[in-house]
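Below, each value reflects all heavy atoms present in this structure, side chains not excepted, and no hydrogens, waters or symmetry copies. We count ligands from 1, going down the list as the structure has it; atoms in each ligand are counted the same way. Counting from 1, the numbers follow the sequence of the chain as shown.
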Amino acid sequence: MYPLLPVSLFCFLPLALMLGEDSPLDCVPRKTVPYHTNNSKLFREDGVWNYSIMLLREDLGLLLLGAREVVYALDLNNISNKNASVKWEVTVPQQEGCKNKGKNPEIECKNYIRILHTMEDGRMYVCGTNAFDPECDYMSYADGELTLENKREDGKGKCPFDPFQRYSSIMVGKDLYSATSMNFLGSEPVVMRSSSVSIRTEFKSTWLNEPNFISMAQMPESEDDDRGDDDKVYLFFSEIAVEYDFYSKLVVSCVARVCKGDLGGQRTLQKKWTSFLKARMDCPVLESQLPYVIQDTYRWCEPQQHWRSCLFYAVFTPQSDTSDLSAVCAYRVADISRVFSEGKYKTPVTVETSFVKWVMYSGDVPSPRPGACIDNEARKQGITRTLDLPDRTLQFIRDRPLMDQAVKPVGDRPLLVRRGATFTRIIVDQVQAADGRKYKVMFIGTEKGTLLKAVNYDGEMFIIEEVEILQSQEPIKILRFSNSTRQIYAGSENGAVQVPLATCGRCLSCMDCVLARDPYCGWDEVDAKCVALASAERELIQSVKHGNASLCPDADPVKPVTQSIWPNSHLKLRCLPLSNLAQPSWLRDGSSLPPSARFQLLRDGLLILNASASDAGRYRCLSLERSHNNLYATSVAEYQVGIASGKGGDSGQRPSPQAQDGPSLTGLQATVGLLVVLLAVLLSWNIYKGHLPLTRVCRPKKGAERAEKLEQAPGYGSSVTQQEAQKPALAEGKPLVSELGNSSHNNHTGGEVEFSAEVEENASPKLTLQYIKDESEI
Ligand SMILES: *[C@@H]1O[C@H](CO)[C@@H](O)[C@H](O)[C@H]1NC(C)=O
Ligand SMILES: *[C@@H]1O[C@H](CO)[C@@H](O)[C@H](O)[C@H]1NC(C)=O
Ligand SMILES: *[C@@H]1O[C@H](CO)[C@@H](O)[C@H](O)[C@H]1NC(C)=O
Ligand SMILES: *[C@@H]1O[C@H](CO)[C@@H](O)[C@H](O)[C@H]1NC(C)=O
Ligand SMILES: *[C@@H]1O[C@H](CO)[C@@H](O)[C@H](O)[C@H]1NC(C)=O
């Protein structure tokens, strides 16, 4: 039996420690799981597209799914089962009318279901774009049937006209809060509460400036609050900044909030929010100094904890095509709340006749505080409703809804930054691991139909896996999580899928199961299986914080495969390392395979060129994976290679097909040589053009260094050549994290802010954005 040796790198500990620096930018997923029907349950119907809105009805055991012209009720446990559906199609006259207004009858003039909410009485509220004439209706599920009540209500201001526009809505009690645009052209944005007294935003660019609405959430801020504050509804969106002088439109991310009890003003701000306040959100990603743009949020609240401990997780993408990084930042509700309740305001100042600058307001602030909810302070002054607010307060907030200070993320930096598939959606679950501690697990959907699973282990970001959950590599447009089924539901234009939080069974060995550091999974020593912690019958081997696989029992030896090779031919021995973080390494007859032109080490195997009799022997492939300061080796394949005799006969071993059918050896060598030269040219060109930045953003795979160190480690023979190690020094850059602190000068409080837009290279123009600290400077 071959020992699975956890090799502690005693002599190289300092180096190993340096490499092990905790970094939130360690962005290589440990595993990449290709699409397989086993990984998810799928729902789609022929001829139906745009599965764009989901509503979880855990009380009914249903998932409501809105698509184009139809709503489905699916079995929450298995969304492949359709329990009911109801059609809501546009009528011919509606479609004609829409067409006559210049819209595409087959695309835009359809009814895209956009809003689905549960009402207090258990019915549902549903709205659709309805051929550019939004309408809403009531819907109920009974006796296995989904029924629309046909009480068509005007959907203007609730649901977008344009199916391609982003919007958001939330049902709070009896009231629908919506953020969308109110008119046919999509040019009049509104944030509205539809209730007995409808309240909306002022139509002014200082309130909303070409916004893109992302999400809404409510916070029960009246609970346990000694100030007698009101509940709030938060809105996340991006918009065109008004406060920068910039060569072109600059998009910024924002959070706004309104008070639930807001009834509007008496004369000023009649039927308009008196509590609409907004603030910029920072998610500082080093590589680009242009602000990142918010794409989705997830509200995480600790069960049975005060609302102040709630967090908003948000995904961000770059401003334009300047970068392919995406980021996750988390914000404390308490921090957001503080900016609104204590922060300074920004105010517009006209300079040089018509030019408006936004600066910090430093004059007197009227009382009650503009934008505040009615609280005990106000009540003491005899103000019990927003209708009682003095004009001075209302006029102030009407003209200055923007806070001076931006909201900073937890730790003042992103939790996770990753290059590659753009992030689209996020959800967060909390799970108790075997060590008794609770960990928050982020599930992030991407534009390529993959789902990333990442955990922050005390500052060390670890991406457990990236799973392709959609076959067509299309963007994930909806991501939902049900705590009752412990399942994730994702939607795209072409279908909806359901995936479990973990598929532990994908790990076949203890080493793989433990190194996965998945808090949902552990190794069952008795059954020799990687199983879910939640359903485990006994104690499991798990080490999420340290990935300590030395707890694993020795694995069963790998069964050797017999292979024959013809003299002067070549042979490929396949071997896939356990994970993206692992590197293959080969041993022949127990000692490390010496580097040579004849032994090409590929990512997926070993290529033996121009074989001779001396190449016979036992070849063993190890997968080497570092976890914290230990290096773990797993035997993944073993081959007994013999030399085929000229006559062929008795051994029965046919030469490998590659050996027989492949090109001649010289031809192959020439091809390899040519490819290497081509690759080198391509790489240098790319680096020259700045496509491959030389500064490191993600921690590169350490396998190459590891393999080199291992070869010097006790018990290892001579070295291993590594084609991958030859890649140019991506790792050359300075540690990124340490720079984060100084880079976030743009704190919106004043001074001069330099946006040097050196995104990838110096060729970009240098842009300078200026702030004026406050009015006194003008
Ligand atoms: C898919 O599931 C089937 C049945 O459970 C199983 O036999 C098969 O091996 C699975 N395939 C993969 C790639 O996991
Ligand atoms: C609806 O789905 C189709 C097919 O994927 C897609 O081409 C189209 O852009 C989608 N329409 C909207 C409004 O999202
Ligand atoms: C889910 O439902 C589909 C369709 O009825 C069925 O084929 C499939 O086996 C079900 N899956 C599970 C895990 O029950
Ligand atoms: C939906 O259908 C499945 C089987 O098709 C059934 O088990 C489930 O009870 C149904 N759910 C409801 C709410 O009717
Ligand atoms: C999810 O459900 C479990 C029990 O079913 C409960 O302990 C936990 O608090 C729930 N989580 C949330 C966030 O509600």
Report, in ascending order of atom number, the atoms of ligand 4 lying under 4.0 Å from any heavy atom of Asp75. 3 (C)
Who's the nearest protein heavy-atom neighbour of atom 13 (C) of ligand 3, and how far? Lys41 CE, 3.2 Å
SG-SG distance between Cys159 and Cys136 under 2.5 Å? no
Does Glu539 have more than 12 heavy atoms from other residues, nucleotides or ligands lying within 6.0 Å of its CD? no
Please report whether atom 5 (O) of ligand 3 has a protein non-hydrogen atom at a separation of less than 4.0 Å. yes
Look at atom 1 (C) of ligand 5 and say whether a protein heavy atom is found at less than 4.0 angstrom from it. yes
Do we see a donor-acceptor contact under 3.5 Å between the side chains of Asn77 and Thr485? no
Protein contact of atom 9 (O) of ligand 5 - nearest heavy atom, named by residue and atom, plus distance: Pro303 CG, 3.3 Å
Relative to Phe340, does Arg257 satisfy both conditions: NZ or CZ under 6.0 angstrom from the six-membered ring centre, and within 45 degrees of the ring's axis? yes
Should you measure from each heavy atom of Leu60, which atoms of ligand 4 turn up under 4.0 Å away? 13 (C)
Please write down residue, atom name and distance for the protein heavy atom closest to atom 14 (O) of ligand 5. Asn483 ND2, 3.3 Å
Salt bridge present between Lys453 and Asp518 (N-O < 4.0 angstrom): yes
Is the distance between the SG atoms of Cys513 and Cys507 less than 2.5 Å? no
Judged on heavy-atom distance to atom 10 (C) of ligand 3, which of Asn77, Asn81, Asn78 sits nearest? Asn78
Could you tell me if Lys82 sits above the aromatic ring of Tyr72, with its cationic atom closer than 6.0 Å to the ring centre and no more than 45 degrees from the axis? no
Contact atoms of ligand 4, heavy-atom distance to Asn83 under 4.0 Å: 1 (C), 2 (O), 3 (C), 8 (C), 10 (C), 11 (N), 12 (C), 14 (O)
For Tyr141, atoms of ligand 4 separated by under 4.0 Å from a heavy atom: 12 (C), 13 (C), 14 (O)
